[in-house]
*Asks:* 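My questions will all concern the structure given below.
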Amino acid sequence: MKFLKNFNNNAALVVDDQGVEWIVVGNGVGFGKHKGDQIDEQKIQRRFVATLKQNVDIDSFQDLKPQSFMITTQVVHLVEPLLKVSFSDYQYFVLADHIDFALKRANDGIDVDNGTVRWEVKKLFPKEFQAATKAVELINSTADVTLPKSEVVFMTYHFINAGSDGSKLQETIKITKLISGIIDIVQYQFQMRLDPESFNYNRFVARLRALMVQRVSRTSSTGSELDQSLLQLMIAKYPQAYATVERIDTFLQSKAGWRLEPDDKVYLTLHIWRVTHRQKSE
């Protein structure tokens, strides 16, 4: 690979033998290089095709501090094995940009914690929240800063995205709020507090999240359409659970303009019955 342009000492624009341009990140990868110089590929820790599909301006890389790239790489190495996810090029860049801005705010003494830390994020996505807590601790110790508690929530959203087949950050926030509202509806309808540690709770949340991602991405289920008689059976066998699904349908229509399909109602009826009747036995 040959050097084309320096963003900073740890990020550079290069071109390979096939003429494909890449952004490469690594400790000192662009230091002292001139156009046409060979890059030491052993220094490359991350590489991106320069034409990022998500319309990221590659010149934005020059505004990110070298420390932010270094910390981002450390965070990604920490989180990927914990959550069994892989950060895409775009997700890596967005995380680096977020960490860079978070460090700037911390160094300037600016705290934007406006109540973003909400219980539903920790309860709905406990693994990602725990990983985010460790990531913030790593950032604090490496950069010698103290990030506000809200950063754990922001990091959680980024980590959810890493395992969400391309969901964008604002979509993840929307999904989280919708799931939280649905959990509230279920708890109100059954006058009980669901156990977020239970197996069926986590299955329920996973089902809700899959449904939300499908709607946000405007994709349809690949499964065959369910027999209408099955829905009638659910109505007869689990009337309270189905009534709750109908309230959820109304909620989604008002908040997101979505309507539940018959097969969605069948699956959600079953999940609601399980999460409200089996957690005591777990």
Side-chain angles (χ1 to χ4, degrees), residues 25-26 45-46 48 54 64-65 67-106 111-180 183 194-213 216:
V25 176
Q45 297 176 329
R46 193 93 185 187
F48 313 87
Q54 290 84 354
L64 303 185
K65 293 181 174 58
Q67 182 188 40
S68 301
F69 282 116
M70 178 190 71
I71 292 176
T72 301
T73 300
Q74 292 177 348
V75 168
V76 168
H77 287 166
L78 169 71
V79 171
E80 285 186 332
L82 286 176
L83 299 179
K84 296 180 175 58
V85 298
S86 179
F87 282 76
S88 69
D89 292 347
Y90 176 71
Q91 290 163 348
Y92 179 95
F93 173 77
V94 171
L95 181 61
D97 183 65
H98 177 82
I99 289 175
D100 187 78
F101 190 41
L103 291 175
K104 184 179 186 305
R105 291 197 308 269
D111 186 353
V112 295
D113 190 353
N114 59 354
T116 309
V117 180
R118 303 179 63 176
W119 72 267
E120 60 263 26
V121 176
K122 181 177 181 180
K123 297 300 182 182
L124 294 176
F125 306 103
K127 293 180 181 179
E128 290 85 355
F129 190 89
Q130 184 178 19
T133 301
K134 292 182 179 180
V136 169
E137 290 173 353
L138 171 63
I139 295 170
N140 286 341
S141 61
T142 303
D144 192 23
V145 297
T146 302
L147 298 180
K149 292 181 179 180
S150 58
E151 282 302 322
V152 177
V153 175
F154 293 136
M155 287 289 173
T156 300
Y157 287 140
H158 282 288
F159 299 162
I160 295 167
N161 279 341
S164 65
D165 298 325
S167 292
K168 293 181 175 62
L169 187 60
Q170 62 269 26
E171 294 170 352
T172 299
I173 295 172
K174 176 181 179 180
I175 288 171
T176 302
K177 290 181 178 179
L178 290 174
I179 292 176
S180 175
I183 296 296
L194 299 180
D195 179 9
E197 305 298 326
S198 71
F199 175 73
N200 283 304
Y201 181 95
N202 286 286
R203 286 185 63 185
F204 181 44
V205 169
R207 178 67 190 182
L208 289 173
R209 187 168 178 278
L211 174 64
M212 303 296 175
V213 170
V216 167

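Worth knowing before you read on, the calculation uses all heavy atoms, side chains too, and leaves out hydrogens, waters and symmetry mates.
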*Asks:* Can E128 and K122 be counted as an ion pair, charged N to O under 4.0 angstrom?
*Replies:*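 Salt bridge between E128 and K122, a charged N being under 4.0 Å from a carboxylate O: no.
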*Asks:* When you measure from the side chain of D100 to the backbone of S68, do you find a donor-acceptor pair of N or O atoms at a distance under 3.5 Å?
*Replies:* no
*Asks:* I need the F69 CZ to F93 CZ distance, nearest 0.5 Å.
*Replies:*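 If we round to the nearest 0.5 Å, F69:CZ and F93:CZ are 7.0 Å apart.
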*Asks:* Taking the side chain as every heavy atom from C-beta outward, state whether K65 and L103 have any pair of such atoms under 4.5 Å apart.
*Replies:*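 When only atoms from C-beta onward are counted, L103 and K65 do not touch, as no gap falls below 4.5 Å.
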*Asks:* Once the angle between the rings of F159 and F87 is folded into 0 to 90°, is it parallel (under 30°), tilted (30 to 60°) or perpendicular (over 60°)?
*Replies:* perpendicular
*Asks:* CG/L194 to CG/N200 distance, rounded to the nearest 0.5 angstrom?
*Replies:* 10.5 Å
*Asks:* Write down the atom of L83, the atom of K127, and the distance for their closest heavy-atom approach.
*Replies:* CD2-O, 3.6 Å
*Asks:* In Å and rounded to the nearest 0.5 Å, what is the OG1 to CG distance from T73 to L78?
*Replies:*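 Going from OG1 on T73 over to CG on L78, the span is 12.5 Å.
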*Asks:* My understanding is that only residues two or more places apart in sequence, or in another chain, count here; which of them pass side chain to side chain contact (heavy atoms under 4.5 Å, CB included) with T72?
*Replies:* V76, Y92, L95, A96, I99
*Asks:* State the CD1-CZ distance between I160 and R209, to the nearest 0.5 angstrom.
*Replies:*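 Between atom CD1 of I160 and atom CZ of R209 there are 6.0 Å.
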*Asks:* So for atom CD, which belongs to Q130, do other residues, nucleotides or ligands contribute more than 12 heavy atoms lying within a distance under 6.0 Å?
*Replies:* no
*Asks:* With side-chain contact (heavy atoms from CB on, under 4.5 Å) as the criterion, how do R105 and E151 come out once you've worked through the C-alpha distance, each side chain's angles and the decisive distance to 0.1 Å?
*Replies:* CA-CA 11 Å; R105 291 197 308 269; E151 282 302 322; 2.4 Å; yes
*Asks:* Main chain of H158, side chain of Q91: is a donor-acceptor contact present, judged purely on distance under 3.5 Å?
*Replies:* no
*Asks:* Could you list the donor-acceptor pairs under 3.5 angstrom formed between side-chain atoms of residues 131-141 and any protein atom two or more places apart in sequence or on another chain?
*Replies:*
from, atom 1, to, atom 2, distance (Å)
T133, OG1, F129, O, 2.9
N140, OD1, L147, N, 2.9
N140, ND2, V136, O, 3.4
S141, OG, E137, O, 3.2
S141, OG, L138, O, 3.0

*Asks:* Report the distance from atom CG of N161 to atom OG of S88, rounding to the nearest 0.5 Å.
*Replies:*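 Here the interatomic distance stands at 9.0 Å.
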